[in-house]
S.K.: 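Shown below is the structure under consideration.
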Amino acid sequence: MLALITGAAKGIGRAITLQLANDGFNVAINYAHSEEAAKSLKDEVTALGVKAEIFRADVSVQEEAAKMFADVKAAFGENVSVLVNNAGITRDTLLMRMKAEDWLAVINTNLNAAFYCSQLAIKDMSKARYGRIISISSVVGLIGNAGQCNYSASKAGIIGLTKSIAREYAARGITANAIAPGFIDTGMTDILKPEVKDSILKSIPAGRIGNPEEVARAVSFFASDKSAYITGQVLAVDGGMTMV
Ligand code: NAP
């Protein structure tokens with residue numbers, strides 16, 4: 001079976017790709033800028049004995065996402081059974097300082113891309129009466145965050161998109177679930193100032209930052225038949241940060 005992971009070359013996407021390859025999936029590796037990282041990931045994955053190809057596409061542009069899906073189908077000769085909407089960016093600043101372009105860039109990349117890719121994937125999944133759509137949200141999509149109104153809105157939007165897809169397609173054997181990571185050690189969080197990191201750490205009951213592999217293992221579960229009766233759910237992978 002084939003899994004397509006958006007923004008796969010680095011961070012959480014890279015860990016997801018390696019995990020799904022270890023689970024036996026062929027993997028379509030999407031990247032926008034990180035070509036070298038995508039190529040070396042392809043080599044690493046191929047060594048595991050599954051098929052892997054890389055696809056450059058800015059998934060926030062509908063035409064590029066559509067071309068990527070067509071190229072994936074041509075390259076693998078099979079349909080995407082598992083879609084992981086992982087590509088994401090931040091453009092943080094307080095509400096009053098946020099420019100419309102920062103709002104739009106984040107909504108386009110984090111939310112609109114997930115809509116384009118889910119719509120592109122679901123036609124074949126629907127025909128096959130099987131599919132898994134897994135979207136990477138965030139704890140801030142659940143609880144908000146000062147300085148991240150654009151990012152939080154995009155991640156809350158992912159949850160609404162996921163639940164609606166789940167309701168529309170549950171009867172066709174397609175599940176849609178979201179994962180809400182907390183504070184995970186990647187390039188996205190590397191850039192935070194030490195004092196910001198310290199204050200976030202204090203809010204994590206587990207007392208430590210998470211790693212990309214811990215998110216990838218949750219994706220593995222949602223991609224597998226072990227989760228066949230679970231749809232429309234949001235699983236926080238956050239060391240207890242947002243428990244209610
Ligand atoms: P990262 O290391 O910065 O990776 C982001 C990935 O997204 C990169 O591979 C990047 O690819 C890709 N990307 C960005 N814009 C893209 C576009 N237009 N088209 C295709 N790919 C694009 O960050 P990360 O922490 O792994 O984040 C992965 C996901 O987890 C994101 O959705 C993020 O919001 C979410 N998340 C992260 C954390 C955390 O603490 N790290 C917490 C909650 C949620 P290129 O380099 O090729 O552009």
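Counting convention: from 1, in listed order, for ligands and their atoms alike. All residue numbers in this chain count up from 1 along the given sequence. Note that these values count all heavy atoms, side chains included, but never hydrogens, waters or copies made by symmetry.
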S.K.: Testing the 3.5 Å rule here: is there a donor-acceptor pair between the side chains of Asp92 and Gln148?
M.R.: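 Present: a donor and an acceptor within the cut-off.
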
S.K.: With a cut-off of 4.0 Å, which atoms of ligand 1 are near a heavy atom of Gly187?
M.R.: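 That gives atoms 2 (O) of ligand 1.
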
S.K.: So which bit of Asp58 gets within less than 4.0 Å of ligand 1, heavy atoms only: side chain, backbone, both or neither?
M.R.: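 Both backbone and side chain.
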
S.K.: Using a 4.0 Å heavy-atom cut-off, say whether Arg14 meets ligand 1 through its side chain, its backbone, both or neither.
M.R.: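 No part of Arg14 is near ligand 1 at this cut-off.
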
S.K.: Would you indicate whether the side-chain heavy atoms of Leu41 and Leu18 approach each other to under 4.5 Å?
M.R.: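 They are in contact (side-chain heavy atoms under 4.5 Å apart), so the answer is yes.
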
S.K.: Counting C-beta onward and ignoring hydrogens, is there a side-chain heavy-atom pair between Asn85 and Ile134 closer than 4.5 Å?
M.R.: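 No, side chains not in contact.
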
S.K.: Which protein heavy atom lies closest to atom 31 (C) of ligand 1, and at what distance to 0.1 Å?
M.R.: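 The closest heavy atom on the protein side is Asn86 O, 3.1 Å.
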
S.K.: Would you mind listing which atoms of ligand 1 come within a distance below 4.0 Å of any non-hydrogen atom of Thr109?
M.R.: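 The list of qualifying atoms is 15 (N), 16 (C), 18 (N).
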
S.K.: Heavy atoms only, cut-off 4.0 Å: how does Pro212 contact ligand 1, side chain, backbone, both, or neither?
M.R.: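 Contact part for Pro212 vs ligand 1: neither.
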
S.K.: Can you name the atoms of ligand 1, numbered from 1 with element, that are less than 4.0 Å from a heavy atom of Ser34?
M.R.: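 Listed by number with element, the hits are 45 (P), 46 (O), 47 (O).
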
S.K.: Between Glu35 and Lys39, does any side-chain N to carboxylate O distance fall below 4.0 Å?
M.R.: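 Looking at Lys39 together with Glu35, the answer is yes, because their closest N to O distance falls below 4.0 Å.
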
S.K.: Using heavy-atom distances, let me know which of Ala32, Ala8, Gly182 sits nearest atom 11 (O) of ligand 1.
M.R.: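 That would be Ala32.
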
S.K.: Considering only protein heavy atoms, which is closest to atom 12 (C) of ligand 1, and at what distance to one decimal place?
M.R.: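 In this structure, atom 12 (C) of ligand 1 has Gly7 CA, 3.5 Å as its nearest protein heavy atom.
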
S.K.: Identify, by atom number and element, the atoms of ligand 1 in contact range of Gly88, meaning under 4.0 Å from any of its heavy atoms.
M.R.: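 Atoms satisfying the 4.0 Å criterion: 5 (C), 7 (O), 14 (C), 31 (C), 32 (O).
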
S.K.: Which ligand 1 atoms does Ala87 reach within 4.0 Å, using its non-hydrogen atoms?
M.R.: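 In order of numbering, the contacting atoms are 7 (O), 13 (N), 20 (C), 21 (N), 22 (C), 32 (O).
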
